[in-house]
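Below is one structure, written out as structure tokens; comments come after it.
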2 protein chains.
Amino acid sequence: MATATLPPSGDAEFEKIDASFQMTVRDHVHRAMRSAIISGRFASGQKINERNLAEQFGVSTTPIKEALRQLETEGLVEALPRRGVVIRFSSSWAEEMILARAALESMIAHLAAKRVDEKGRAELQLIANQMKEATISGDADSLITLNERFHDHIHRSSKCGYLAKLIERQQFYDASIRRVIHLDPTERQKALDEHVAIADAIAAGDADGAERTMRDHVVRSGDTYLSIIFRKEGEI
Amino acid sequence: MATATLPPSGDAEFEKIDASFQMTVRDHVHRAMRSAIISGRFASGQKINERNLAEQFGVSTTPIKEALRQLETEGLVEALPRRGVVIRFSSSWAEEMILARAALESMIAHLAAKRVDEKGRAELQLIANQMKEATISGDADSLITLNERFHDHIHRSSKCGYLAKLIERQQFYDASIRRVIHLDPTERQKALDEHVAIADAIAAGDADGAERTMRDHVVRSGDTYLSIIFRKEGEI
DNA sequence: TTATGAAATCTGGTATATCAGATTTGAAAT
DNA sequence: ATTTCAAATCTGATATACCAGATTTCATAA
């Protein structure tokens, strides 16, 4: 408050590091397991042994148990009381996760169109314009970042914290797969057209249009991911 | 296999009791806490002390931790790494849970309309007819049971296991509150009309109609619950 | 050879102990 | 009276111990 410039002897006031950045063992295990399951490194129906897992991670069973409880609530494993947990993930499960995300994202887009303010409108159009540029220049990495910014911005505009959290859990593909998608010019163009349509609908306050375009976008792009991840047609 | 009749000395073959009926301490804690949170027995933002909770339940902290992990993934509490968990539930959270359920139930109704077979159609209409009778006779308990059967049947018809599980977690009112609702003749009639419309749409294979009527039903009835639980207007 | 069932083993569920980060307290300095 | 900061305390995170239900093994009988 007193000094606006940095004092010579470093006693500046630093923002306290956001506690949510800290990583606990259970979160590490949770993320690692989630990633392993959705990338198909476990067979659906496979039994999980807590002691083995703990040994593989080099930790005790306590954080393992907690991570498994999270995965269970997410629907990626099923707990059979006193008999352990089994993996529950397959292409049909992934399809349903896409449908869930489509349903929730379109609901949140609907609300965003109703609730967005002038500042939010401008920022959304700005992001859409940046997407246009990145699409033309073929900057895949920027597109991945902008895509996240785009959806996050809509979530915030909707003022729906619960729905936003719920949507996060329906994501089953990671940055590396997104990169593959965004390297394809045709795919880039499709995504851009959809994003522009969504942004326009939200900016125009067209709740039903935002809902529809968002759902179509999530389903179509989801299907693209699905076909890559599960090699629907023409196996290698 | 050998004897169809019950042998004198009781060595009949019994169906093995479904393991999922067994109750672990963590499940008990999870349900009790969930119920306590959604019925407002904790203030939003209130900190939870694991040792206190364990003492109150008369158990160790291990099952408490697991239950808290489940609640965290459900979005009812927030975990601040190394600082504990705080309650996250309010009327706005409940509103969003209704919206989530509306989005998901309407998606599942859409798919049910596309995927239901002849047998399923008939059974759905049968349930709708039983609802009609129970509405006329004012049998609230039957209506509650039938309501569950109705929605479960649609879930099964959609063949969507993941979506059905996800929907279950968006429920924040229990049987006692449902009873209050179903004791009101006006409310009963509204719900019946909506259920009939949904059943007709699904039976006719009208996916868009099923989606729309289901969403309207969930939102409207959800708002009714909300106004009762949170006494929106005209506090006592 | 096949069926049976009791003992041995495995494994999830719970309790307890320990560690370390976060919070509180209180004495000393200003 | 207010600020400072280190010691004491609290509490979540992790490790370990133990118990009981589930599964497997294997000797025995049919």
Whether A:E96 side chain and B:Y162 backbone form a donor-acceptor pair below 3.5 Å: yes
With A:F89, the side-chain contact (heavy atoms from CB on, under 4.5 Å) member among A:V77, A:L71, A:I37: A:I37
Per-nucleotide protein contact string for nucleotides 11-18 of chain D, where B marks a base within reach and S marks sugar-phosphate only (heavy atoms under 4.0 Å, - for neither): BBBBBB-B
Separation of atom CD in A:E72 from atom P in C:dG12, rounded to whole Å: 13 Å
Between C:dT16 (P) and B:E55 (CD): distance, integer Å: 12 Å
Heavy-atom side-chain contact between A:I87 and A:L76 under 4.5 Å: no
Parallel, tilted or perpendicular: rings of B:H195 and B:H151 (30°, 60°): perpendicular
Which atom of B:C160 lies closest to which atom of B:R115, heavy atoms considered: SG-NH1, 3.8 Å
